[in-house]
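Below you'll find the structure, written out as structure tokens, and then a few comments.
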There are 2 protein chains.
Amino acid sequence: MLPRDATIGVRTAGMPLPAMAGMGLAGMALVGTTVTLRRDQSLFLAGDAASHVYRVMAGCVRSLALMPDGRRQVAEFHLPGDLLGLDGREAHLLSAEAVGDAILLRFPRRQLEAEAVRDPAAARGLYDLACRSLETAQRRLMVLGRKTAAERLASFLLEMAERTGGDRRFDLPMSRQDIADHLGLTIETVSRVFSQFRRKGLIALPTAQRVELRDHDAVEAASGDCAA
Amino acid sequence: MLPRDATIGVRTAGMPLPAMAGMGLAGMALVGTTVTLRRDQSLFLAGDAASHVYRVMAGCVRSLALMPDGRRQVAEFHLPGDLLGLDGREAHLLSAEAVGDAILLRFPRRQLEAEAVRDPAAARGLYDLACRSLETAQRRLMVLGRKTAAERLASFLLEMAERTGGDRRFDLPMSRQDIADHLGLTIETVSRVFSQFRRKGLIALPTAQRVELRDHDAVEAASGDCAA
DNA sequence: CGGTTTCTTGAGCGCCGTCAAGTAAGGTGG
DNA sequence: CCACCTTACTTGACGGCGCTCAAGAAACCG
């Protein structure tokens, strides 16, 4: 078992305005605290007070729900630049854990919301953020509700390619188990579909983590989406 | 095929402030327009400009995504008092259709957002709204990703019971097909699980639409949730 | 009362989960 | 640098849950 306390290193730092641009909260003068997490360490648990919002600076963080019998559903992978912690207004609905070692910036939610009262642009930024999360979550509903295993993995690979810079080649920071729990599959099925894609020439797998899209159009066709 | 135009009757009306309380936008002096929809008529389509927000006054509205091959995913059922139209900031991500005949109030989104700039309380209301939708969507991820057919239907029945007033008896406004497309199942599986619940004495089904929870605790146990 | 739609039930099958074993990769200590 | 151990990933065999196809029952409606 891992230690409950999430923070290895904490350092308070002024947040330069340009770095906030990606948040759509450029107008806010905020002070963030650096949080360092080791692989699999938890940042917060479902039910914890939703007191902070985080921005991933390096590494990858997963937000997930757990059923009493151990079934896992990874709602989202948060990559560098992404924000997390907006799940739930009072208490977190999801737990958050580092996929690999990760560095984050932490902002008091209270401070953000106070700023939003003073500054309509900041309020708008918070609102946009919530809307964007909502859009992402709703896209996942179709994947989980109606897509086959192959379609799910194809969708996931395309999404990851786009989010990691749009290159044909990229590394998956998360394990097969994490991918399975994100796509509503088992680790074996994920592995089998990876192999199936490789045999068909859709992708290459130099290592288990590294993915190369060899036939982008075919992967898109396999994803089941109309266009993308 | 149904007519594309969604509006049967439209009537402009002042929105009394108390009626907005449920929106968390009590401070906003808004003028809404009444929209009447017939069964299966569409309110807007995915891709349409997200120009309005709606509040269901009577009936039930479903918001859904469609795959090119016809697969459907009903993201949400909106009951009286609920708001919809916040999916997507520019364009709607989902289509919205009346489940049965329905009456809604329509508000220009631009007007809401303009009001949010002037009034921090209104901005907070919009933000809360988006957050609440996000919470709901994330709860659905676990249902679609990790639950069995029986667990999905049990969860759904409990949710509907609560949302329709908390009574043990309630009517389902939507068809088996709608339920199936909401839970990521087929109509046959939904029907079979209904029958299975009836045989086990968990529920009674005076008619296909009417549901009576005969053993609330057993239904909860069947839903797979820790507590509720 | 006939026709249509919706719901239910049954039979068979397929996708994916389960169980199990094997292989590769990574980390540690000698 | 290598032996060893651990962990992660892959692959195979098999079974079950839920889908498909099909028919029958019930409700709804003109």
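We name chains A, B, ... by the order of the sequence lines, and we start the count at 1 in each one. A quick note: this is a predicted structure, and the numbers were derived from the prediction, not measured.
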> Is any side-chain N of the basic residue among A/Arg210 and A/Glu212 closer than 4.0 Å to the acidic one's carboxylate O?
Replying inline: no
> Roughly how far, to the nearest 0.5 Å, is NE2 of A/His78 from CG of A/Leu83?
Replying inline: 9.5 Å
When the side chains of residues 84-97 of chain A are checked against the rest of the protein, which donor-acceptor pairs come out under 3.5 Å, sequence neighbours left out?
from	atom 1	to	atom 2	distance (Å)
A/Asp87	OD1	A/His92	ND1	3.2
A/Asp87	OD2	A/Leu93	N	3.0
A/Asp87	OD2	A/Leu94	N	2.8
A/Arg89	NE	B/Glu135	OE2	3.0
A/Ser95	OG	A/Ala46	N	2.9
A/Glu97	OE1	A/Arg62	NE	2.8
A/Glu97	OE1	A/Arg62	NH2	2.7

N/O to N/O distances under 3.5 Å, protein versus nucleotides 14-21 of chain D:
from	atom 1	to	atom 2	distance (Å)
D/dG18	OP1	B/Ala149	N	2.7
D/dC19	OP2	B/Thr186	N	3.3
D/dC19	OP2	B/Thr186	OG1	3.0
D/dC19	OP2	B/Thr189	OG1	2.4
D/dT20	O4	B/Arg192	NH2	3.0
D/dC21	N4	B/Glu188	OE2	3.1

>> Please enumerate all residues that pass salt bridge (charged side-chain N to carboxylate O under 4.0 Å, His left out) together with B/Asp101, with sequence neighbours excluded.
In response: none
> In Å, rounded to the nearest 0.5 Å, how long is the span from CG of A/Leu185 to CZ of A/Phe156?
Replying inline: 11.0 Å
>> Please give me the minimum heavy-atom distance between B/Arg109 and A/Cys131, naming the atom from each residue.
In response: NH2-SG, 4.3 Å
>> Using five base pairs at each end to define the local axes, how bent is the helix from C/dC1-D/dG30 to C/dG30-D/dC1, to the nearest 10°?
In response: 40°
>> One pair to check against ring-ring contact (aromatic ring centres under 6.0 Å, His included): B/His182 and B/Phe77. What are the steps and the verdict?
In response: CA-CA 9 Å; B/His182 181 53; B/Phe77 292 112; 5.0 Å; yes
> Taking only residues two or more places apart in sequence, or in another chain, which ones meet B/Asp128 in a salt bridge (charged side-chain N to carboxylate O under 4.0 Å, His left out)?
Replying inline: B/Arg124
>> Nearest 0.5 angstrom please: B/Leu157 CG to B/Arg152 CZ, how far?
In response: 14.5 Å
>> I'd like to check the salt bridge (charged side-chain N to carboxylate O under 4.0 Å, His left out) partners of B/Arg192; sequence neighbours left out, ordered by chain and number.
In response: none
>> Taking salt bridge (charged side-chain N to carboxylate O under 4.0 Å, His left out) as the definition, give me every residue that meets it alongside A/Arg139, ordered by chain and number, with sequence neighbours left out.
In response: none
Using distance only, find each side-chain donor-acceptor pair of residues 194-202 of chain B under 3.5 Å and give its atom names and separation, not counting sequence neighbours.
from	atom 1	to	atom 2	distance (Å)
B/Ser195	OG	B/Ser191	O	3.2

>> With rounding to the nearest 0.5 angstrom, report the CG to CZ distance, B/Leu43 to B/Arg106.
In response: 8.0 Å
> Can you pull the contact range of chain B along DNA chain C, 5' to 3', using atoms under 4.0 angstrom from its heavy atoms?
Replying inline: C/dT6 to C/dA11
Any protein N or O atoms within reach of nucleotides 7-9 of chain D? Criterion: under 3.5 Å, listing atom names and distances.
from	atom 1	to	atom 2	distance (Å)
D/dA8	OP1	A/Arg39	NH2	2.8
D/dC9	OP2	A/Arg176	N	3.3

> Between B/Leu37 and B/Leu104, which heavy-atom pair has the shortest distance, and what is it?
Replying inline: CD1-CD1, 3.8 Å
>> Give the residues of residues 197-206 of chain B touching DNA chain C, defined as any heavy atom closer than 4.0 Å, sorted by residue number.
In response: B/Arg198
> Applying salt bridge (charged side-chain N to carboxylate O under 4.0 Å, His left out), which residue pairs with at least one partner in residues 64-77 of chain A are found, sequence neighbours left out?
Replying inline: A/Asp69-A/Arg71, A/Arg71-B/Glu151, A/Arg72-A/Asp178, A/Arg72-A/Asp181, A/Glu76-A/Arg140, A/Glu76-A/Arg163
